[in-house]
Amino acid sequence: MNKTPAFLFALALSAALSACSGTAPRQEPPLEGARIGGAFSLTDQDGQTVSDTDFAGKHRIIYFGYSFCPDVCPIDLQKIAAGFALFEKQQPERAAKIQPIFITIDPERDTPAVLKQYVSAFHPRLIGLTGTPEQIKAVADAYLVMYKAQKPEGGDEGAGYLVDHSRQAYLMGPKGEPIALLPYDESPEKIAAEIDKWTA
Ligand code: NI
């Protein structure tokens with residue numbers, strides 16, 4: 001049977017309608033609507049006060065840890081930095097609107113000066129944030145990050161100590177809203193792909 005003009009008209013109309021209503025349905029970010037994040041006021045590696053609103057309009061990659069961490073933090077940070085550096089190569093303009101942030105959960109030892117040296121070892125645009133123990137507790141709570149210093153009995157200050165802490169690499173949106181967790185134990189390609197997917 002021949003296709004009638006009416007059929008062709010209906011086809012054209014439906015194509016036009018679907019073009020109007022968009023293509024694939026929007027994929028919901030995994031952390032959309034989660035109660036994670038919020039306002040903070042901290043001190044950066046140059047001793048300047050920094051608030052969450054200073055990053056308005058920028059996506060943020062946020063990782064909590066501490067510079068004395070012997071193994072986990074440096075490995076995670078290296079991988080996140082490698083993924084971000086790859087994304088910078090692929091999409092320099094979009095990457096410029098993403099701020100990578102390291103927040104210490106060991107503010108006693110992670111002074112701005114200590115953080116300055118630490119963050120620069122991973123990525124030139126990584127900023128390090130510290131604060132009072134109360135400020136750090138508040139921001140860690142807001143990001144659902146748990147931590148506990150394993151200080152030796154008797155308070156031997158010279159002995160050093162480890163801090164147990166949870167590992168999350170958050171991708172937050174331009175209003176500070178949670179979007180996704182970055183797969184910090186994957187390849188730079190996969191991390192870059194995840195950044196690409198949620199910051200388009
Ligand atoms: Ni660590």
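Just follow the structure's listing: the first ligand is 1, and inside any ligand the first atom is 1. The basis for the numbers below is simple: all heavy atoms, side chains too, and nothing from hydrogens, waters or symmetry mates. The residues of the chain are indexed from 1 along the displayed sequence.
Between His165 and Tyr66, the ring-plane angle classifies as perpendicular under the 30° and 60° cut-offs.
Excluding water, every protein N/O/S atom under 2.8 Å from the Ni ion (ligand 1) is given here by residue and atom: Cys69 SG, Cys73 SG, His165 NE2.
Here Ile98 contributes atom CD1 and Leu171 contributes atom CG; the two are 7.0 Å apart, rounded to the nearest 0.5 Å. Taking SG of Cys73 as the reference point, atom OH of Tyr118 lies at 5.5 Å (rounded to 0.5 Å). We find the CG-CG distance between Leu129 and Asp110 to be 11.0 Å, quoted to the nearest 0.5 Å.
Between the side chains of Asp76 and Tyr63, a donor-acceptor pair is found at a separation under 3.5 Å. There is a side-chain donor-acceptor pair under 3.5 Å between Gln150 and Asp164.
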